[in-house]
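The first residue in the sequence is number 1, and the count goes up from there.
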Amino acid sequence: MCNANLFKMQSTSHLQKLLTIYLRLYMAMVRPHLEFASPVWNPYLAQDINRLEAVQRHATKRIPSIRHLPYSERLTSLGMDTLKLRRPAADLADTHKIINHRTNNNSEHLFKLHPSNTRGHIYKVRKQHSSHDFRKHFFTLRVAEAWNRLPASVVSCRSTASFKTFMLPEIRQHYT
């Protein structure tokens with residue numbers, strides 16, 4: 001009896017190690033390909049979004065202990081977010097870096113700050129208008145509304161790491 005319990009504990013810890021290795025491999029080898037250059041190439045057609053999400057859905061389904069759960073619950077149990085949420089998060093993180101001059105990009109060329117700060121924060125960007133339909137999914141147009149919706153306490157974070165920490169709960173409200 002004691003040997004059987006010991007075997008269960010050993011196999012459980014072995015499965016936990018395999019799960020940890022699998023997740024690390026997925027996050028290091030697969031997810032970067034799915035998120036590569038997302039600020040430049042961001043799918044907006046439902047079929048493209050679903051194809052990308054299907055890769056992560058399939059990867060999480062390969063874990064035996066949570067295979068039976070719905071996709072959203074599998075992600076929650078693994079502490080992961082959907083790719084649909086991660087793309088706008090990456091956009092906002094890049095916007096934060098650009099506006100705070102932490103990249104080689106000149107923020108004046110990409111964003112025009114709104115001169116009035118009567119509502120919201122002082123870093124509000126002016127949403128550019130386009131007469132062409134194909135341009136509405138460009139980075140600067142796509143990110144303006146979400147950026148302006150963020151509270152001042154989040155936008156004014158000094159480091160990008162703290163910005164990401166406080167920004168994620170804010171955007172989860174709009175993308176989940």
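- Judged by distance alone, the side chains of Thr165 and Ser162 never bring a donor and an acceptor atom under 3.5 Å apart.
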Go through Arg31 and Leu83 one step at a time and tell me if the side chain to side chain contact (heavy atoms under 4.5 Å, CB included) criterion holds.
-> CA-CA 9 Å; Arg31 196 160 71 178; Leu83 296 173; 4.1 Å; yes

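- For the atom pair Thr82 OG1 and Gln56 CD, the distance stands at 7.5 Å (nearest 0.5 Å).
- Not a single side chain to side chain donor-acceptor pair (under 3.5 Å) links Glu73 to another residue, sequence neighbours left out.
- Of all heavy-atom pairs spanning Pro43 and Asp48, the tightest one is CB-CB, 3.7 Å.
- Under the 4.5 Å side-chain contact rule for hydrophobic residues, Ile49 and Val30 do not share a cluster.
- To the nearest 0.5 Å, the span separating OG1 on Thr95 from CG on Asn100 amounts to 10.5 Å.
- Annotation: the span from Asp94 atom CG to Ile99 atom CD1 amounts to 11.5 Å, rounded to 0.5 Å.
- Taking CG from Leu52 and CZ from Arg57, the interatomic distance works out to 11.0 Å, rounded to the nearest 0.5 Å.
- Residues Met80 and Met27 meet the side-chain proximity criterion, which asks for heavy atoms closer than 4.5 Å.
- Linking Ile, Leu, Val, Met, Phe, Trp and Tyr whenever their side-chain heavy atoms come within less than 4.5 Å leaves Phe138 and Tyr44 in two separate clusters.
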Test side chain to side chain contact (heavy atoms under 4.5 Å, CB included) on Phe139 and Ile98 and set out the steps.
-> CA-CA 12 Å; Phe139 173 74; Ile98 292 167; 4.0 Å; yes

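- Rounded to the nearest 0.5 Å, atoms OG1 (Thr160) and NZ (Lys97) are 5.5 Å apart.
- In terms of heavy-atom proximity, Tyr26 sits nearest to Pro32 at O-CD, 4.3 Å.
- The main-chain N or O of Arg67 is never found under 3.5 Å from a side-chain atom of Lys61 such that the two would form a donor-acceptor pair.
- Taking each heavy atom of Leu150 and Glu170 in turn, the nearest pair found is CD2-CB, 3.9 Å.
- By the 4.5 Å heavy-atom criterion applied to side chains, Phe163 and Arg158 are not counted as neighbours.
- Under a 3.5 Å cut-off, the side chain of Trp147 and the backbone N or O of Tyr123 do form a donor-acceptor pair.
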Go through the steps to decide whether Phe166 and Ser153 satisfy the test side chain to side chain contact (heavy atoms under 4.5 Å, CB included), and finish with yes or no.
-> CA-CA 9 Å; Phe166 293 113; Ser153 59; over 6 Å; no

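- When all heavy atoms of Thr60 and Arg74 are compared, the closest pair comes out as OG1-NE, 2.9 Å.
- Applying the salt bridge (Lys or Arg N to Asp or Glu O under 4.0 Å) test to pairs two or more places apart or on separate chains, those with a residue in residues 78-93 are Glu35-Arg86, Asp81-Arg172, Asp91-Arg142.
- Under a 3.5 Å cut-off, the side chain of His96 and the backbone N or O of Val154 do not form any donor-acceptor pair.
- Of all heavy-atom pairs spanning Lys164 and Ala93, the tightest one is CE-CB, 3.7 Å.
- For the atom pair CZ of Arg149 and CD1 of Ile171, the computed distance is 9.5 Å after rounding to the nearest 0.5 Å.
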